[in-house]
Each structure stands twice: as structure tokens, then as C-alpha cells.
Amino acid sequence: MEKGFIVGQTITSSGTFPVVSTLWSNHDRWNTIKVRWSIGRMRYTVEPGIYGVGTPDENSRVFVTANFKLSFDHLRRALNGINAWILVLNTRGINVWCAAGKGTFGTKELVKRIRAHKLENVVSHRKLIVPQFGAVGVAAHEVKKLTGFSVIYGPVLARDIKPFLDAGMKATQEMRRVEFPLKERMKLIPVEIMNGGYWALLVPLAFFIISGLQSMDYSIGRAVSKGSIAVINLFAAYLSGCALTPILLPWIPFRRFALKGLVTGLGISAILFFTGFLGCTVPENISWLLMLAAISSFMAMNFTGTSTFTSLSGVQKEMKLALPLQIIAAGLGLIGWIVTRFI
Amino acid sequence: MIMNGLVYLTDVVTLELDKEKCNGCGMCMIVCPHAVFEIENRKALIRNKNLCMECGACEKNCPEEAIHVRSGVGCAAGIINGLLRGTEPTCDCSGPGSNCC
């Protein structure tokens, strides 16, 4: 549990609450980079509860967020120069949008926190500013009915909080809309790359070892020469699906992510072929093509979960066709490649 | 209207609005991250259904229960997760050690 951002405390009639800094320390920045690479991401949490920013009093606004520290950090940074309260819900270390989808950032938890910390004694007003993505789990009218607090949905991005407040707590259409620009997609790629976990190392390792095999004869030299090429082929296809496709997302034809991944996968395979990678024989080349296309397509399809605009119905529709084809292509490719080890 | 040319599959979305029940409060317009709704003559209308990502925020925040959508995670890994366990699509991010959104 992170605590370094606490810089003091504030005493109210409802109790003493920690006051937090609105600046990011080098420690915060370093941890942000680590979390973006999936390192310790599920344990990057803050204690749920009430925090102060600046010198808050009973008239200060209340901002609600999740106990994923990255969410909390973006909020406190956006509140620089403002006196406010932060109410942190227990989302088990998950960000606002994903937690709201699961219901952990929801009406029940919000009501529970308001009551547990006696928020009605901390502030004299009855308004809460909840991030717009929280609306997936929070029903404003139910919170009002159960606690008397009105939920005002803030902008999608924390950095729009100041203009939102300046406009009298009104968000413009742009602030309400979620975009998915290149910069945002790039930030999410490291997590995609790490998603493969140990498989992303074990599978290439298996290929490397098997590459030493040729017609019942095994040679380490062949494992190194052919195996290195196999490993490069596999990683190229993997990155084609989970890095290149997200980067080029709006510019690749087709709407289905599996098809976008197929396009980049075929492109990467062509480049590998003409630069002397892929295989040595026609059967081997065809086997590689099948496997690389399947890997790239599958990884790209998984990016639907990260993207900000894919619907459940749409993903189910594309998967119904794509998943069996990916499995068949990968299976045929694998069988073909293993058979070429023996002829 | 269409961001960066990023539009997903069309004619699949399950979003429905019962105009009779709508009281024109505009909550759906506020919570929708894709500007699917518009208010016209004190009634909500679905302006761009194909932009809907079925997050369910509008249904959740409609005090008149005028909106219905089969909401859930538009996530391939989540759907595979559900298939393997015989449950609804779930991304299972809550367990310790799991690595997801």
C-alpha cells in the first residue's frame, strides 16, 4: 500500500483525515512506468477512505475515485491549487472504468463509503463529483435516494477537471467523449506485450529447441541457426498483433480487430520472407505464414478489451468466426512446421 | 462525429430506448462516452447507435428505466474467459495475481 504522497493531516468534526500532495514525486513517476509495464500492477493501491487536498473545509467539493493508485494520482495531480476532498472507493486496485464495469466501483460501494466515513459530517453540502466512467457502475438517482448526496458526473479525463469547475461544473461535449488517440494507444502497448506472460517465453523456447531436429538427427548448431529465426518469426508476429496493430489501428482497413491483425500479420510475414527469415522451403514458409497470421490476428483481437469503443455484441460476432479460424490456422501451421522437421 | 475513423462493427448493438417512458432528464446524454444520445423536444433519441459500446452507463442512470442494453465487456480475453468457465464474459481482474484491465 502506497503512502508516500501523504503530506499532513486535517482535523474535522468527523475525524482526522490525511492530506495528500498534488505533485508527483520521482517515486510516483517510476512506479507509473512500472505499472504501465504490468509490474506490480495488481498491488498498486491506496487505502480506501477520505483524503484532503490543499486546506479543505466543510464547503469543499468531494471527488470520488478508485483505489488504483494511478487513478488516484491522476486525480490529485488535477486538483493542484484546489481545496477539496477525495473519497477513495475500494475497487481492489482496479481503475474506475473497469471497476465500474464489474460493479466494484458502484452504487453499493459508494453508499457504503459515504456512510462508513460519515461524509455528511465532513461537508455541509450534498454533492459528489464522480468521474463519468463511474456511471457504468453508479446509479446517480439511487445514490441520491439512499444518502441524499447528488452525483454530478465530471469529465472523462482528470485533466479537464479545472475547466469543468470553471464552467460551473458543466462538461463540454468534448470532455464527455472518450477518444483513443495514438498517444493513449501507445501508453497501453506495454501491458499488451506483457499479457502473454510466461507463454511468450516458453513457446519460443520450445520452437528453439525443436529447431535442432532434422530427420531424426539433432544438432545444437541447427537449433541456434534455425531456432533463432523461429524465435524472431514468433516475436515479430506477437508484436505485430499487440503493438503494431494498436499503433496503426485507425489506418488499417477493416473494422474487425482480428482482420486488422491479419493484415499486419501478413505484412510482417512478407517483410520476414523478403529479408531471409521465415522458412527455407515452400512447406515451411506456408506453415510459418499460417502460424504468424494466426498469432497476429489473435493478439490484435485481444486489443478489443483495451480499446475504448468495442461493444460486447460486436466482439462476440467477430470472435465467432475468427477464433476457430485462428485455432485451425495455428494448428495446421504447427503440424506443417513439425512435419518439415522430419522431411 | 466519428472519432479518428474508429468505428466498430455496425448493426450489432443491443441498445434500445423506450420513448414513452423517457422524461427527457438528459442523464443518458451526460453519461454516454460516445455521444450516442441527443435530446430533442424534451425526449431522448438515439442519434448514433453504431457508436454505442454497450457499457451500460445510460441504462444504469436512467431513472425511468427507459433504456435497455445488454451490457458487458467488449473484450475478447473476457469472452474466452467466460467460455472456458461457462460464465458470462468476465475479465476477472479482481483476484490477486491476475493480470487484466
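- In this structure, chain B has a heavy atom under 4.5 Å from the side chain of A/Trp97, while its backbone stays farther away.
- Around atom CE of A/Met186, no more than 12 heavy atoms belonging to other residues, nucleotides or ligands sit under 6.0 Å away.
- Of the atoms belonging to A/Phe298, it is side-chain heavy atoms, and not backbone ones, that fall under 4.5 Å from chain B.
- Heavy-atom distances place no part of A/Glu142 under 4.5 Å from chain B, backbone and side chain included.
- Salt bridge annotation for A/Arg256-A/Glu318: absent, with no cationic side-chain nitrogen under 4.0 angstrom from a carboxylate oxygen.
- In this structure, chain B has a heavy atom under 4.5 Å from the side chain of A/Met319, while its backbone stays farther away.
- Only the backbone of B/Cys62 comes within less than 4.5 Å of a heavy atom in chain A; its side chain stays farther off.
- Remark: the A/Thr91 side chain and the A/Asn67 side chain contain an N/O donor-acceptor pair separated by less than 3.5 Å.
- Comparing A/Gly137, A/Ala99, A/Gly93, A/Gly101 by how many heavy-atom pairs each has under 4.5 Å with chain B, the most go to A/Gly137.
- Within a 6.0 Å sphere centred on NZ of B/Lys43, other residues, nucleotides and ligands contribute more than 12 heavy atoms.
- Looking at A/Leu323, the atoms closer than 4.5 Å to chain B (heavy atoms on both sides) all sit in the side chain, from C-beta outward.
- Between B/Tyr8 and A/Phe257, the ring planes are perpendicular. Angles over 60° get that label, and only those under 30° would be called parallel.
- Heavy atoms closer than 4.5 Å to chain A are found in the backbone of B/Cys52, but not in its side chain.
- For the pairing with A/Arg36, the side chain to side chain contact (heavy atoms under 4.5 Å, CB included) check across A/Ile189, A/Leu70, A/Val191 returns one residue only, A/Leu70.
- Using a 4.5 Å cut-off between heavy atoms, B/Cys25 makes no contact with chain A at all.
- The six-membered or imidazole ring of A/Phe133 lies away from that of A/Phe105, with a centre-to-centre distance of 6.0 Å or more.
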